[in-house]
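Here is the structure we will look at.
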Amino acid sequence: MIYKSRSDLMLKAAEAEGMTFGDIDKSGRILNERAKGHLGQIVEESFFEYKVNSKSEADFAELGIELKVTPVRTNKNGTLSSKERLVLNIINYMDEVDKEFETSSFWRKNKELLIMFYEWLPKVKRADYKIIKSYLHEFEESDLKIIKKDWEVIVGKIKEGLAHQLSEADTNYLAACTKGANKASKREQPCSEELAMQRAYSLKQSYMTALARKIISKQTLQTITNGKELENFTFEEILVSKFEKYEGKSLEEISRMAGIVPRIGSKNFLQVFISGLLGIKGTKLDDIDEFAKANIQFKTVRLEPNGIPKENMSFKNINFTEWMNEEWEDSWLENYFSSTKLLFVVFEYKETEKENPERELFFKGIKLWNMPLTTIEGKLKPFFYELQNLIKEGIELRPTVQKKRTIVNNNLPKAKANGICHIRPKARDGSDKVALPDGRMISKQSFWLDKEYISVIIQENN
DNA sequence: GCATGATCATGC
DNA sequence: GCATGATCATGC
């Protein structure tokens with residue numbers, strides 16, 4: 001079949017809504033549960049009656065439209081999320097380096113995407129997944145500006161001979177995700193002898209989630225930048241500029257300037273503070289378009305006069321059984337730090353608590369950061385396996401009685417052991433425990449970044 | 001009820 | 001004063 005126009009194609013595509021892959025498949029391949037990534041091919045062949053190709057032009061070449069079939073899932077709280085990033089074409093490091101954005105393989109192939117969202121459900125056969133929405137995606141102007149800068153970051157890294165250090169969190173919406181049979185899938189790069197992991201362009205999972213919520217759930221998000229600003233500045237620069245005028249000011253002054261009353265210590269302090277300074281009071285940070293799409297998470301940092309926070313920084317609580325059974329590549333740890341950007345909102349005390357217990361907090365600035373791949377691979381990965389072995393061997397628990405409470409010492413990795421991260425408790429009280437794989441109970445534990453490491457991150461300039 | 005950000009208490 | 005483990009407070 002040849003589709004003469006986009007409307008022809010979209011009329012046909014709309015017929016798929018409500019159909020299952022079992023309804024669509026004429027080849028019988030849908031029954032092969034192990035065949036991964038063939039859902040798109042089945043739709044292409046059985047539904048659109050197109051021959052599958054892996055050419056560099058778009059699937060519907062005469063229309064310049066690329067077909068993508070991608071899963072969404074419903075969360076416990078009823079919201080919708082994309083189940084995965086949307087993987088696009090593989091990056092040929094050797095070729096892409098000579099291109100402009102307009103002539104890049106990314107843009108040639110993915111300018112327009114026919115996205116068919118299907119609903120993924122646990123324990124349901126592939127044949128019974130249902131297509132819920134067919135949607136012709138064209139990048140809106142402000143997204144495209146950010147994506148173009150993302151592309152430049154990716155190609156810039158290739159030009160520096162750093163293709164082997166590409167990381168998904170380097171960019172905002174368009175990312176270079178690993179793609180290959182296994183971690184041995186490597187290829188040459190033009191400006192370095194080192195072989196680099198094979199990677200493909202992808203739209204981040206967070207971007208796809210925002211898209212699915214807009215298209216399927218009709219959710220609207222609020223933007224804080226616009227196409228005109230993005231013409232001349234990166235998203236990071238715009239973000240910094242929005243906070244600049246508050247730098248060096250005390251919380252009290254800022255409250256007066258911005259007309260907000262953030263109560264330090266309150267749970268929604270960050271929400272109130274950031275949205276207040278951005279001038280979008282009442283909007284949750286998660287409902288801000290750019291933060292949602294780029295998967296930017298927020299963390300407050302309070303530096304003591306010595307430039308180091310008083311406390312380490314906690315993240316998610318640890319599921320020891322998961323940690324023991326998972327491979328690094330599938331772990332929360334790998335996933336989180338290779339795909340999340342952290343926006344540190346930095347405050348400082350100018351006096352120690354001893355000098356002045358009533359000390360005031362001053363806003364120092366913001367820092368948008370993601371963990372470099374070298375650190376993820378060099379520090380986090382060994383840490384992951386070290387802890388995995390420890391769990392397998394059985395974590396030591398040594399109860400001792402203190403004055404007023406029972407302390408259970410353990411041999412989990414301590415702060416400063418690797419200069420980056422450690423495990424320490426985060427629980428409600430002494431009885432807030434979690435089971436180890438061997439059945440013993442331990443106070444709930446969390447993953448923490450060392451405060452000294454936070455201090456170094458904040459001081460880096462880039 | 002629980003996750004999460006924040007902070008405390010004790011012993012060396 | 002710091003390391004380590006414990007616990008609080010809030011908000012969904």
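So that the names make sense, note that chain A is the first sequence line, chain B the second, and so on, each numbered from 1.
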Just the rounded figure in Å: distance from P of C:dT10 to NZ of A:K426.
17 Å
Cation-pi geometry met for A:K299 and A:F315 (6.0 Å, 45°):
yes
For C:dT4, does OP1 or OP2 lie under 4.0 Å from any side-chain N or O of A:K416?
no
Rounded to whole Å, the CG-P distance (A:L285 to C:dC12) equals 13 Å
Measure the NZ-OH distance between A:K214 and A:Y135 for me, rounded to the nearest 0.5 Å.
5.0 Å
Could you tell me the separation between the CD atom of A:E237 and the OG1 atom of A:T225, rounded to the nearest 0.5 Å?
12.5 Å
Under 4.0 Å from any atom of DNA chain C, heavy atoms only: list the residues of residues 430-447 of chain A that qualify, in numerical order.
A:G430, A:S443
Considering every strand and a 4.0 Å limit on heavy-atom distances, what is the contact class for A:A427: base, sugar-phosphate, or nothing?
base
Does C:dG5 have OP1 or OP2 sitting under 4.0 Å from an N or O in the side chain of A:N410?
yes
In whole angstrom, what separates A:Y336's OH from B:dA3's P?
16 Å
Does A:R424 have any salt bridge (Lys or Arg N to Asp or Glu O under 4.0 Å) partners at least two apart in sequence or in another chain, and if so, which?
none
Whole Å only: how far is the CG atom of A:D429 from the C1' atom of C:dA9?
13 Å
How long is the gap from OG on A:S134 to CE on A:M19, to the nearest 0.5 Å?
10.5 Å
Measure from NZ or CZ of A:K350 to the centre of the six-membered ring of A:F362 and say whether it is under 6.0 Å with the direction within 45° of the ring axis.
yes
Here's a test of your reading of the structure: between A:V408 and A:K284, which maps to the more 5' nucleotide of DNA chain C?
A:V408
Can you figure out which of B:dG5, C:dG5, B:dA6 approaches the side chain of A:K299 most closely?
B:dG5
Expressed as a whole number of angstroms, how long is the span from A:H422:NE2 to C:dC2:P?
15 Å
When you check the phosphate oxygens OP1 and OP2 of C:dG5, does a side-chain N or O of A:K414 lie under 4.0 Å from one of them?
yes
Out of B:dA6, C:dG5, B:dT10, which has the shortest distance to the side chain of A:Q402?
B:dT10
Would A:N312 and A:Y453 count as having a side-chain donor-acceptor pair, cut-off 3.5 Å?
no
Within 45 degrees of the ring normal and closer than 6.0 Å to the centroid, is that where the cationic atom of A:R359 sits relative to A:Y349?
yes
Would you mind reading off the distance between A:D287 atom CG and C:dC12 atom C1', rounded to a whole angstrom?
14 Å
Phosphate OP1/OP2 of B:dA6 contacted by A:T300 side-chain N/O (<4.0 Å):
yes
Testing B:dA6, B:dC8, C:dG5 for proximity to the side chain of A:N409, the answer is C:dG5
First encountered from the 5' end of DNA chain C, between A:T406 and A:N306
A:N306
Using 30° and 60° as the class limits, which term best fits the ring planes of A:W369 and A:F344: parallel, tilted or perpendicular?
tilted
Listed in order of residue number, which residues of residues 311-324 of chain A have a non-hydrogen atom at under 4.0 Å from DNA chain B?
A:E311, A:S314, A:K316
Could you walk me through whether A:E168 and A:R199 pass salt bridge (charged side-chain N to carboxylate O under 4.0 Å, His left out), step by step?
CA-CA 10 Å; A:E168 269 192 272; A:R199 286 179 185 270; 5.8 Å; no
At less than 4.0 Å, is any side-chain N or O atom of A:R428 found next to OP1 or OP2 of C:dT10? Yes or no.
no
